[in-house]
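Structure record follows, encoded as structure tokens.
As the structure lists them, so they are numbered: ligands from 1, and atoms in each ligand from 1.
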Amino acid sequence: MPGTGEYDYLVTGGAGFIGSHLCEFFLDRGNSVLVLDDLSTGVISNLDGCVGRDGFGFVEGSVLDEPLTAELVHRSRGVVHLAAAVGVENIIRRPVETIETNVSGTETVLKAALNTGVPVFIASTSEIYGKSDCVPFREDGDIVLGATSRSRWSYACSKAMDEFLAFAYWKDKGLPVVVGRLFNTVGPRQSGRYGMVLPRFIAQARDGKPLTVFGDGRQTRCFSLVYEVVEAITSLINKPGAVGKVVNIGSTQEISILELARRVIRLSGSDSTIELIPYEKAYPGDFEDMLRRVPDVSLLKSLVGKVPEADIDEIIRKILEQRISGSAEKYGE
Ligand code: UDP
């Protein structure tokens, strides 16, 4: 059944950090965008750059609402599904919501998309690789998760289920689906409220408080700037070679969390100190962290010709600039 196709894209979770940048990108490019967001972790002020512009629509609601999701998918020619439970801290504190939102939400979106056959991009996560030590992580590598008694892994498992569902809809029913595994994505507007490390460090440095480095700070991550991630998503959604594939989206520039804290202090000119906090004090229960997380981005590069490459100093500077011009409330702190 053909949809009405009033909007070029439906973005679920469009009021979130990544979603709102994606919507701005689409509008700037001349695409129309409809957002579905329940404002659970997203905030409406993230969409200040979109509301009132031609071709922009916003609906407050949940991807768990089947009739609503079906109606909005029907009105769109493509779907970017970002709505999900996010943030390690949030996930550990709300395991039921995490599993329900991630698994049932994705199923609802895929079912709705099947009615009209529109292309779907599903956002997945580097959490999927879990404790694997096959660094850099390749999309076809094994995933290594911890015990089901540890809530952290419910996030990775729920997202793995999303990926299985997406591939099942592609293989079984021919729905054109692309899955992107997003690595640590950062940039202006990201809130530290749900545990993300860089916005936290930046807020701590600004307030002259100690930067809270968990564990010994030797764990590493690769941070990519949200604008480059958004570009990768928009390139993949219409790339015939990407259909039915899972693609890593991230930077390969690895940095330890301790070094990240030092850079934030140096670049912000703050006189904050660094405080090492044992994991058992930082997170409730038996927490397991990943020591290294680095993507293999050769598939992304071969599909879209470029990969995120902004370096960490440039990223920190961009966020600091935005902090000076915007208020703390705007960033959800
Ligand atoms: N982390 C930290 N201090 C904080 C928040 C996080 O040292 O205030 C650490 C966290 O334990 C992890 C890394 O920073 O090793 C990245 O955490 P985040 O939650 O941003 O993302 P993750 O990669 O764990 O999903």
Side-chain angles (χ1 to χ4, degrees), residues 16-18 41 84-94 98 102 123-133 135-137 143 145-146 150-160 181-187 189-207 209-226 229 248-265 270 272-295 308 312 315-316 319 332-333:
F17 156 59
I18 300 175
T41 52
V86 292
V88 172
E89 210 170 284
N90 191 31
I91 280 147
I92 291 174
R93 294 186 199 283
R94 300 196 180 91
T98 301
N102 293 358
S124 184
T125 168
S126 57
E127 276 278 317
I128 290 248
Y129 294 102
K131 298 191 277 187
S132 166
D133 56 8
V135 179
F137 298 142
I143 60 179
L145 303 182
R150 296 175 190 232
S151 295
R152 174 183 197 141
W153 303 116
S154 71
Y155 179 53
C157 262
S158 65
K159 281 296 185 178
R181 281 190 189 151
L182 272 52
F183 283 66
N184 296 68
T185 304
V186 292
R189 260 184 230 154
Q190 187 177 31
S191 166
R193 198 187 281 165
Y194 307 106
M196 278 79 165
V197 67
L198 188 53
R200 279 200 173 185
F201 282 178
I202 287 182
Q204 289 164 339
R206 182 199 56 206
D207 298 343
K209 293 187 178 147
L211 271 62
T212 52
V213 170
F214 300 162
D216 61 11
R218 283 193 292 176
Q219 69 273 32
T220 69
R221 296 292 187 272
C222 299
F223 295 92
S224 41
L225 189 57
V226 64
V229 169
N248 286 335
I249 302 178
S251 151
T252 52
Q253 297 172 50
E254 193 176 6
I255 184 170
S256 75
I257 299 302
L258 188 58
E259 179 56 23
L260 180 73
R262 292 193 185 118
R263 300 276 179 109
V264 169
I265 291 175
S270 164
S272 286
T273 54
I274 292 176
E275 190 181 339
L276 294 183
I277 307 211
Y279 283 116
E280 54 278 18
K281 285 209 177 131
Y283 298 104
D286 274 352
F287 183 76
E288 287 181 302
D289 202 4
M290 282 78 154
L291 292 182
R292 288 184 75 193
R293 187 188 268 170
V294 184
I312 193 68
I315 293 175
I316 294 170
I319 302 174
E333 284 165 12

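Among all heavy-atom pairs drawn from Ser251 and Cys222, the shortest one is O-CB, 3.0 Å.
Results of the side chain to side chain contact (heavy atoms under 4.5 Å, CB included) test with Leu182 over Ile249, Asn248, Thr125 single out Ile249 as the only residue that passes.
Between Tyr129 and Phe137, the ring-plane angle classifies as parallel under the 30° and 60° cut-offs.
No heavy atom of Gln204 sits closer than 4.0 Å to any atom of ligand 1. Between Glu275 and ligand 1 there is no heavy-atom distance shorter than 4.0 Å.
By the criterion of a heavy-atom distance under 4.0 Å, the side chain of Tyr283, and not its backbone, is placed next to ligand 1. Counting heavy atoms closer than 4.0 Å to ligand 1, residue Val197 contributes atoms from both its backbone and its side chain.
You'll find the side chain of Met196 stays beyond 4.5 Å of the side chain of Val186, heavy atoms only.
Heavy-atom neighbours of Arg150 CZ from other residues, nucleotides or ligands within 6.0 Å: above the threshold of 12. Other residues, nucleotides and ligands contribute over 12 non-hydrogen atoms within 6.0 Å of the NZ atom of Lys131.
When the heavy atoms of Met196, Met290, Arg293 are ranked by distance to atom 22 (P) of ligand 1, first place goes to Arg293.
Nearest protein neighbour of atom 9 (C) of ligand 1, counting heavy atoms only, is Gln219 NE2, 4.0 Å. When only non-hydrogen protein atoms are considered, atom 21 (O) of ligand 1 lies nearest to Asn184 ND2, 3.3 Å. The nearest protein atom to atom 8 (O) of ligand 1, hydrogens excluded, is given as Thr212 OG1, 3.1 Å; this is a heavy-atom distance.
Here is the list of ligand 1 atoms found below 4.0 Å of a heavy atom in Arg221: 12 (C), 15 (O), 16 (C), 22 (P), 23 (O), 24 (O).
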